[in-house]
Structures are given as structure tokens and as C-alpha cells.
Amino acid sequence: MRLNLLAVLAGAALFAGNAQAQIELHWWHSMGGALGEQLNALATKFNDSQKDYKVLPVFKGTYPESMTAAIAAFRAGNAPHILQVFEVGTATMMAAKGAIVPVAKVMTDAKEPFDPKAYLPTVSGYYTDLKGNMLSFPFNSSTVMFYVNKDAFKKAGLDPDRAPRTWKDFQAAAEKLKAAGQQCVYTTSWPSWTHIENFSAWHNVPIGTKQNGMGGFDTEFTINSPLHVRHVAMLGELAKKGMFTYAGRTNQGDGKFASGECAMVTASAGAQATFRKNSKLDWSINFLPYHDDVKGEPQNSIIGGASLWVMSGKKPVDYKGVAKFFAFLSRPETQMAWHTGTGYVPITLASYELTRKSGFYDKNQGADMPVKELTNKAPTANSKGLRFGNFVQGREVIEEELEAVFAGRKDAKSALDEAVKRGDEILRKFEAAAAR
């Protein structure tokens with residue numbers, strides 16, 4: 001009897017031990033600093049909400065670094081469960097044959113609630129194939145916004161509550177700011193994302209053929225159209241007249257605006273957190289300016305940021321955990337906390353409504369503008385987003401050519417013709433590699 005009792009107790013202890021064992025889910029990401037803290041807080045909250053799974057976030061460097069590391073890890077058989085990839089890496093991830101599992105399949109197999117229509121169309125559309133299947137899970141999404149220093153506008157005799165709506169209005173304001181002694185009138189962050197990618201979507205013109213690459217790899221760039229040439233030429237002329245100060249290829253423009261050095265900036269919606277920290281700055285957030293003689297303008301802007309990809313080769317029980325985590329991330333209250341804490345847009349309509357009802361937008365004027373810009377109109381084939389292979393290199397080529405215009409070394413037509421030629425060469429190399 002005593003032996004049987006010991007056996008029962010041992011079995012119970014073993015069962016309890018198994019019941020308490022958590023399955024670890026590895027999440028590689030590229031968010032450091034305050035954003036990394038917000039990301040870690042999400043993982044902790046999920047881990048505390050249930051006992052079966054434990055999400056382990058690991059910072060793996062920049063977006064290109066983490067993506068390269070994950071592909072190498074997959075080939076070695078030890079890829080993470082979840083990988084954060086920036087939006088321009090979408091085509092590269094799609095072409096990594098056998099390396100990923102579409103998020104729609106992960107959610108369906110796990111029988112977790114998942115409705116692509118619940119997400120902002122311009123967000124879900126970016127990560128969805130032509131058959132309507134969502135390939136990756138939207139996570140940190142932003143868009144380009146236009147910010148104005150209201151004090152600088154007052155000093156120049158401009159109405160601080162009326163930001164320029166068109167590029168014609170913009171140029172008139174720029175001239176007044178310059179005449180009033182403003183040294184840095186306008187700057188931009190992310191020049192290709194702003195003045196080529198979002199500019200194209202905002203005016204409903206293509207960046208490339210095949211629905212901006214979403215219809216297939218055999219695409220070509222179209223960023224040397226008359227409208228693109230005209231816009232880049234305008235920027236070159238503004239630079240020549242001292243009304244556009246080039247800051248760099250990433251978010252350097254944010255700091256120039258936050259410090260009060262520049263009166264106007266085009267920057268990410270995520271820059272709001274930086275601007276809010278500067279209590280001395282009186283600023284407004286606005287829609288991007290547009291050329292008002294273009295038919296149908298403005299359309300809608302497109303997203304930046306990143307999504308979460310599910311890597312293949314894991315156990316079915318692991319994918320159930322990934323699905324549970326994604327379902328947790330989709331909750332309106334989770335998205336509201338992420339949105340209000342980081343400045344990224346809420347990815348679902350429900351989280352946007354919850355944030356609105358909470359009074360956050362009343363207390364933080366303009367914080368809902370990014371969502372309104374992204375949803376200004378239903379996305380078209382030209383404004384869903386883009387999907388070009390090796391677009392990290394493609395962007396570098398575009399930015400090199402833009403810099404030549406801003407510095408007065410090239411005219412806009414020659415520069416954009418060269419950007420198309422060099423960009424298409426990159427696309428052909430990617431296409432050849434994907435076909436192997």
C-alpha cells in the first residue's frame with residue numbers, strides 16, 4: 001500500500017511538473033531603447049496572461065541584420081518562431097522558399113479568431129497576396145506626416161493653425177519663412193519613403209509595374225514619370241534657394257525639427273513621441289501636401305514600419321502558441337496601449353475606436369491624423385503599398401540619385417532615369433535568384 005501511494009505521489013508530481021512546463025517561443029526583433037521597452041512589456045503581459053507559453057524577445061540589431069541572421073538560422077535549422085521584418089523586406093521574405101508559414105494559415109490551423117477585414121485596409125493590404133491571404137502579421141505600422149512649428153509660422157506672419165495643404169501653398173509659406181529669417185525652412189526624414197513611395201500613393205500614380213510589384217517579381221520601376229520628375233525638380237529648386245535643408249537618409253530630420261532648427265518637416269507618425277517630449281515646441285501634425293492639379297488627389301498614404309513573420313520548421317503545438325500571441329496582440333486594448341505608448345498607428349479599426357472613446361485624441365490633438373491619412377480613400381493598385389525584391393538596395397539607389405538633385409549635381413529627369421535603370425538591374429538580379 002505504501003509503495004502504491006509513493007507511486008501515485010511520484011506520478012502526480014511528474015504530471016504537475018509537465019503541466020507547469022512552458023513552451024518557449026523565440027521572437028527576434030529590431031527595436032532598441034524606449035520602443036524595445038514597450039515591446040518587452042507586450043511579451044511580459046502575454047506571458048502573465050496564460051501558463052502554456054512564454055514569448056522570449058531577442059534584439060538582433062537593425063532590420064537588415066535581423067533578417068539576414070534569421071535566414072541563416074533557418075538554413076542551420078534553428079530559426080526563431082517569430083521574426084520582425086521591415087515592410088520593404090516583404091518580397092524578400094516571400095521569396096525565401098520554405099522559410100515562412102503564412103500567418104493566415106497559422107491562425108486558421110490554431111482556430112484562433114482572425115479576420116483580415118478587422119485591420120486597416122492600407123495595413124493589411126501591404127502584407128496580403130493577390131489571393132487575399134495575409135502573409136505576415138502587422139505589428140508596428142506608421143506613415144509619413146507633415147509637421148509645422150507654429151511659433152515659426154507666427155513669427156513669419158503666417159496663420160499657425162493653417163498648415164499648407166498643397167505644394168503650391170507650401171512654397172508660398174516657405175518663401176515667407178525664409179524672408180522672416182528662418183535659416184532651416186523645411187527638411188525631411190526618410191526621403192525615398194516620403195518623396196517617392198508615399199508621394200506616389202498620395203497622388204495615385206505607380207512606383208512600378210505589376211501593382212508596384214505585388215503582382216509578380218518581373219516588375220520595373222516607373223519613378224521617372226513626368227509627375228515624379230516635376231516633384232523632385234521642385235525639391236531641387238527649393239534646396240537651391242535655401243528653403244530645403246537635406247538632413248540624411250533616415251530620421252535625422254526629426255531632430256532638426258524637434259530642436260526648433262527647422263520650421264517644417266515630413267517625418268514618420270512615430271516621431272510624435274519625440275516631438276511631445278520637447279515641451280518648448282508648439283507644433284501641429286498634418287496631412288502631406290499634394291499637387292492640386294493631379295486628378296483625384298489626395299488618395300491615401302502607405303505604411304512603413306514592420307510586420308511579424310512566422311518561420312517554418314516548428315512543431316504544431318508551437319504554432320498554436322504563436323497564434324495565441326498574435327490573437328493577444330490584436331486585442332483592441334493591447335493595440336491601444338501600443339499605439340498610445342509608441343506613436344505607431346493602431347492596426348485594427350476596433351483599437352482606433354477604443355482609443356478615440358478613451359479621450360486620448362482629445363488630449364493629444366492630431367494623434368489620430370495618421371490613421372485618417374492612411375484611410376483617406378480606399379486603397380488602389382497604386383496605393384496598397386509596394387513589393388520589390390531587394391528594395392533595401394533599391395532605396396539606396398533612389399536616395400543616391402535624389403541627393404545628386406538636392407546638391408545641384410544632376411537635374412531631376414537625369415537622376416530619376418538613372419534611378420530606374422539601376423533599380424531595374426537590382427530587380428532582375430533578385431528575380432534571377434528567386435527563380436533558382
Side-chain angles (χ1 to χ4, degrees), residues 29-36 38-39 59-69 84-90 92 126 139-147 184 186-202 207 223 232 235-236 238-239 244-262 264-278 281 283 285 288 301-307 342-345 370 385-386 388 390-407 415 419 422-423 426:
H29 67 88
S30 299
M31 290 189 149
L35 290 175
Q38 292 280 348
L39 182 149
F59 176 74
K60 296 296 285 189
T62 65
Y63 285 130
E65 288 169 348
S66 61
M67 188 164 68
T68 301
Q84 183 190 26
V85 179
F86 59 165
E87 86 284 7
V88 294
T90 300
T92 302
Y126 207 112
F139 180 53
N140 54 304
S141 295
S142 60
T143 194
V144 180
M145 303 303 297
F146 176 49
Y147 299 90
C184 177
Y186 164 71
T187 191
T188 190
S189 290
W190 313 105
S192 175
W193 184 49
T194 299
H195 288 290
I196 296 297
E197 298 156 46
N198 267 284
F199 171 82
S200 300
W202 198 226
I207 306 165
I223 58 171
V232 173
L235 294 173
L238 287 170
F244 169 37
T245 302
Y246 180 65
R249 295 184 184 181
T250 60
N251 66 342
Q252 295 96 327
D254 297 10
K256 285 183 172 291
F257 182 79
S259 68
E261 179 184 348
C262 298
M264 300 183 288
V265 68
T266 39
S268 169
Q272 291 178 82
T274 300
F275 301 156
R276 284 193 192 114
K277 285 181 182 178
N278 190 334
L281 196 67
W283 54 275
I285 179 173
L288 290 170
S301 62
I302 57 174
I303 61 169
S307 64
T342 63
Y344 287 112
V345 300
L386 52 93
F388 301 116
N390 288 343
F391 196 55
V392 178
Q393 294 95 316
R395 260 189 184 166
E396 288 174 354
V397 162
I398 292 169
E399 283 159 352
E400 283 177 12
E401 297 299 334
L402 289 178
E403 286 167 352
V405 176
F406 302 158
R422 294 172 63 194
I426 291 170

Pairing residues for Tyr344 by the side-chain hydrogen bond (donor to acceptor under 3.5 Å, both in side chains) criterion, not counting sequence neighbours: none
Quick one: salt bridge (charged side-chain N to carboxylate O under 4.0 Å, His left out) partners of Glu261, sequence neighbours excluded? Lys256
Who are the ring-ring contact (aromatic ring centres under 6.0 Å, His included) partners of Tyr63, not counting sequence neighbours? Phe86
Residues forming a side-chain hydrogen bond (donor to acceptor under 3.5 Å, both in side chains) with Glu400, sequence neighbours excluded: Arg422
Ser307: side chain to side chain contact (heavy atoms under 4.5 Å, CB included) partners, not counting sequence neighbours: Tyr127, Ser136, Trp309
Who are the salt bridge (charged side-chain N to carboxylate O under 4.0 Å, His left out) partners of Glu65, not counting sequence neighbours? none
Does Thr143 have any side chain to side chain contact (heavy atoms under 4.5 Å, CB included) partners at least two apart in sequence or in another chain, and if so, which? Met145, Asn198, Ser301, Pro370, Glu373, Leu374
Does Trp283 have any ring-ring contact (aromatic ring centres under 6.0 Å, His included) partners at least two apart in sequence or in another chain, and if so, which? Tyr147, Phe275
side-chain hydrogen bond (donor to acceptor under 3.5 Å, both in side chains) against Glu87, all qualifying residues, sequence neighbours excluded: Arg395
Output all residues satisfying side-chain hydrogen bond (donor to acceptor under 3.5 Å, both in side chains) with Thr342, sequence neighbours left out; order by chain, then residue number. none
Using the side chain to side chain contact (heavy atoms under 4.5 Å, CB included) criterion, which residues pair with Thr250? Sequence neighbours excluded. Trp190, Gln252
Residue list, ring-ring contact (aromatic ring centres under 6.0 Å, His included) with Phe406, at least two apart or on another chain: Phe244, Tyr246
